2 protein chains.
Amino acid sequence: MATIRDVAKQAGVSVATVSRVINKLERVNPDTKQKVLDAIEKLNYKPNDVARSLYQRKSKMIALIVPDITNPYFPELARAVEDVANRSDYTFVLCNSDDSEQKERQYMQVLRQKQVDGFIVVTSTLAYEHIKDLNVPVVALDRIIDRKVPAVTVNNNDGAKTAVQHLLDIGCKRIAHISGPDDVDNAMQRKQGYLDVVSHYEWFEPGMVQNGDYHMDQSEQAMMKLLKAYPDIDGVFAGNDLMAVGALKALKKSGKKVPDEISVVGFDGISLGELTTPSITTVKQPIYKIGEQAARMLIDKINDPTTEQENVEYDVTFMERESTKRKEG
Amino acid sequence: MATIRDVAKQAGVSVATVSRVINKLERVNPDTKQKVLDAIEKLNYKPNDVARSLYQRKSKMIALIVPDITNPYFPELARAVEDVANRSDYTFVLCNSDDSEQKERQYMQVLRQKQVDGFIVVTSTLAYEHIKDLNVPVVALDRIIDRKVPAVTVNNNDGAKTAVQHLLDIGCKRIAHISGPDDVDNAMQRKQGYLDVVSHYEWFEPGMVQNGDYHMDQSEQAMMKLLKAYPDIDGVFAGNDLMAVGALKALKKSGKKVPDEISVVGFDGISLGELTTPSITTVKQPIYKIGEQAARMLIDKINDPTTEQENVEYDVTFMERESTKRKEG
DNA sequence: GTGAAAGCGCTAACAA
DNA sequence: TTGTTAGCGCTTTCAC
């Protein structure tokens, strides 16, 4: 690989001049500039970003840490962040934390040593104290970390209420909920939305809430339990689409017809929800937008660390598909 | 951030000694070593990897370039590569090329400037000449680039034949194929596998092969066309699972019962195939293994560039699910 | 066993 | 407008 020195020699100028040309900040005599350009062309010179990073103390890299990229919610998010990063000449690094705080911290540390300029994090375990001595901007996504860390989220409570209200509207008489992990704030908000709507109905019992941990398999089991304990439920609100799929599987195995005997609503709006039979009625998040927004905020903050940032909360959209149907009569 | 200098001062030794301690290569007097360790602890010192990279000319980063992470085949692959990378203390970088050669080259160039140590690439457009002056190990995945680039693939032809033979075995009389892009070698091999089995049957016509471009939507259209042109087809082999899902959608819209009236087989074994109704009979690739193998090969080559590497071809496994059924009578 | 110093490739004062 | 030079933080000869 040719270095700036080689270029300088080839062009018969100093390295400073070459640096000036490639960074196009200061004025350079057009003739000298052309000589430098020619030398760069001839030697196929590409500046060494590592040397640059060392001097500038920044790497032009941002990282996104998600629990698990094989959960279909996250690839779409990752695309958005990557696209924004590229548009701003940042390199994008993706990490899976498996929801382990240890892995999250490990990643952030390693990447900090590589001078990564900022992080977007989806976490429910990381505490503020661990991110503050990273000394670098962090944006929280999907889940709130701390008041001091700007976050991009959706209105989970509203979305949940809309979903449950829809089940009531189409005539459901007994509605259960499959909830996400207790330590994830958005899961709690969705559960609360459900409770806000149903808790004063006389048919409601606390056992109608079962934990599905945001996983398909665990949700399938949760649905089985619900079916056993409350054979007459005719509506289910799942805390995310993945769990709605799990519920569908359980229902199918139990011979319950969806949506004729029981209606199911999910949350998220991942494309998987359109592919099941029946397709899943859901509360759609603007996933790509969320990722874009978070990436923009992060990059803005990197470019100007004095920027003060507010939390951004997006509205969700109710989306009726095949898994819910108005009761006859 | 504390630097090696700060540590040296704190411990009352030279920077060379500190370097020796953190790299634990040369022998250091236990007492001095302890002093250094204490200083590191006290100052919470973390070595700056950028400075290290600059000197060593390597970054301990590897990159995976895939067409599109929202295609569910790739997240699983990415996990595998990431896991292996982490075990070997490499940082993992993921990039989406959107199957554009321009983006692939752009990414590889930018990452090379960041001293990325090697690439795993899923591409059908990139030529050998573009990767050779990168001056860094490259492993091809899923699709072959050139004889000179080691590749990890599966036996596509065998898998396709097995799939089509299965359709014959269960009694299908007229079998169509929805193919992948013409410029992707594995798509061609799968198509060839189909042709190998069916081309000598008298019912076979070239129009029974329709291009679905490995995309769900385009496959849906392809299925529609097939249905129109050959209303009596009772078996479909789709070049990948995503296209099998598309076929299922078309079939459903057309009121054709799967598997009673028509059987469908896919290829890949992505988990999405288990979630549709009916679930999709498929030819399963060992996706995680493939990713692991490619990552290992890449890292081996990085650690010892003289290593000669052979292509690795994995066998696929036929997996019968609900979308195929033996004909009655 | 330890330290001084050169240098990885680049940028940015400071001089000229 | 251009060149000289001192670092950025680290590793590694080469002395001692």
Side-chain angles (χ1 to χ4, degrees), chain A residues 1-37 39-40 43-61 89 109-117 135-136, chain B residues 1-37 39-40 43-61 89 109-117 135-136:
Chain A
M1 287 285 251
T3 75
I4 199 172
R5 265 203 170 63
D6 302 325
V7 176
K9 196 175 294 171
Q10 172 76 30
V13 299
S14 74
V15 294
T17 302
V18 178
S19 177
R20 282 179 190 113
V21 171
I22 57 187
N23 293 299
K24 23 185 153 259
L25 296 173
E26 297 167 66
R27 295 205 54 70
V28 179
N29 180 304
D31 288 356
T32 3
K33 183 173 171 183
Q34 194 51 54
K35 276 192 293 183
V36 172
L37 258 19
I40 288 176
L43 299 175
N44 188 29
Y45 167 74
K46 309 275 181 239
N48 179 327
D49 279 343
V50 174
R52 275 178 142 143
S53 294
L54 179 58
Y55 188 91
Q56 326 221 80
R57 298 175 151 75
K58 47 188 185 184
S59 63
K60 282 271 177 183
M61 296 195 285
D89 293 318
Q109 220 241 71
V110 169
L111 293 172
R112 259 324 261 156
Q113 292 185 227
K114 293 197 185 299
Q115 297 278 19
V116 160
D117 298 328
N135 240 317
V136 77
Chain B
M1 285 284 251
T3 74
I4 199 171
R5 264 202 171 64
D6 303 325
V7 176
K9 196 176 295 173
Q10 173 75 29
V13 299
S14 75
V15 295
T17 302
V18 178
S19 177
R20 282 179 189 114
V21 171
I22 57 188
N23 292 299
K24 26 185 152 255
L25 296 172
E26 297 167 63
R27 295 204 53 72
V28 179
N29 181 304
D31 288 356
T32 2
K33 181 173 171 182
Q34 193 52 52
K35 275 191 294 183
V36 172
L37 259 18
I40 287 176
L43 299 175
N44 187 28
Y45 167 74
K46 309 278 180 236
N48 179 327
D49 278 343
V50 174
R52 272 177 144 145
S53 293
L54 179 58
Y55 189 91
Q56 324 218 83
R57 301 177 150 73
K58 46 188 188 186
S59 62
K60 282 272 177 183
M61 296 195 285
D89 293 318
Q109 220 242 71
V110 168
L111 293 172
R112 259 322 263 155
Q113 292 185 227
K114 293 198 185 300
Q115 297 278 18
V116 161
D117 298 329
N135 240 319
V136 75

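If you're wondering where the values come from, they're calculated on a predicted model, not measured in any experiment. Hydrogens, waters and symmetry mates play no part in the numbers below; they use all other heavy atoms, side chains included. Naming convention: chains lettered A, B, ... in sequence-line order (proteins, then strands); numbering from 1 in each chain.
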Handout entry: Interatomic distance where NZ belongs to Lys58(B) and P belongs to dC8(C) [whole Å]
Key = 17 Å
Exercise for the section: Enter the distance from Leu37(A):CG to Ile22(A):CD1 here, rounded to the nearest 0.5 Å. Expected result: 10.5 Å
Practice task
Of all the heavy-atom pairs spanning Thr32(B) and Val13(B), show the shortest one and how long it is.
Solution key: CG2-CG1, 3.7 Å
Handout entry: Shortest non-hydrogen contact from Asp117(A) toward Val136(A)
Key = O-CG2, 2.9 Å
Exercise for the section: Calculate, to the nearest 0.5 Å, the distance between atoms CZ and OG belonging to Arg5(B) and Ser14(B) respectively. Expected result: 11.0 Å
Completion exercise
Heavy-atom nearest nucleotide on DNA chain C taken for Arg57(B) and for Arg27(B); more 5' hit belongs to Arg27(B)
Completion exercise
Here the pair of heavy atoms bringing Val7(A) nearest to Val36(A) is CG1-O, 4.2 Å
Exercise for the section: Mind listing the residues from residues 4-14 of chain B sitting with a heavy atom below 4.0 Å of DNA chain C? Number order is fine. Expected result: Val13(B), Ser14(B)
Practice task
Step by step, work out the side chain to side chain contact (heavy atoms under 4.5 Å, CB included) result for Lys46(A) and Arg112(B).
Solution key: CA-CA 9 Å; Lys46(A) 309 275 181 239; Arg112(B) 259 322 263 155; over 6 Å; no
Handout entry: Residue pair Thr3(A) / Tyr45(A): nearest heavy atoms and the distance that separates them
Key = C-CE1, 3.5 Å
Handout entry: Heavy-atom donor-acceptor pair, Arg20(B) side-chain to dG3(C) base, under 3.5 Å
Key = yes
Fill in the blank from the handout: Residues of residues 48-55 of chain B with a heavy atom under 4.0 Å from any atom of DNA chain C, listed by number, are Leu54(B), Tyr55(B)
Completion exercise
Overall bend of the helix from dG1(C)-dC16(D) to dA16(C)-dT1(D) (five pairs an end, 10° steps) is 40°
Completion exercise
Note: Asn23(A) and Arg52(A) closest approach over all heavy atoms is OD1-NH2, 3.0 Å
Handout entry: Donor-acceptor contact present, side-chain Gln115(A) to main-chain Leu54(A), <3.5 Å
Key = no
Exercise for the section: Measure the distance from CG on Asn23(B) to C1' on dG1(C) and round it to the nearest whole Å. Expected result: 16 Å
Practice task
Would you mind classifying the nucleic acid contact of Thr3(B) as base, sugar-phosphate or nothing, using non-hydrogen atoms under 4.0 angstrom?
Solution key: sugar-phosphate
Practice task
Check the distance between dG9(C)'s C1' and Ile22(A)'s CD1 and give it to me in whole angstrom.
Solution key: 10 Å
Completion exercise
d(Gln10(A) CD, Ile40(A) CD1) to nearest 0.5 Å is 11.0 Å
Practice task
Mind calculating the distance between CD (Gln34(B)) and P (dT2(C)) to the nearest angstrom?
Solution key: 13 Å
Exercise for the section: Could you pull out all residues at least two apart from Arg20(B) that satisfy salt bridge (Lys or Arg N to Asp or Glu O under 4.0 Å)? Expected result: Glu26(B)
Handout entry: Residues which pass salt bridge (Lys or Arg N to Asp or Glu O under 4.0 Å) with Lys114(B), listed by chain and number, not counting sequence neighbours
Key = Asp49(A)
Handout entry: Least distance between heavy atoms, Lys33(A) atom then Val28(A) atom
Key = N-CG1, 4.0 Å
Handout entry: Distance, rounded to the nearest Å, where Tyr45(A) contributes OH and dG9(C) contributes C1'
Key = 7 Å
Exercise for the section: Taking heavy atoms of chain A and a 4.0 Å limit, find me the 5'-most and 3'-most nucleotide of DNA chain D within that range. Expected result: dT1(D) to dG9(D)
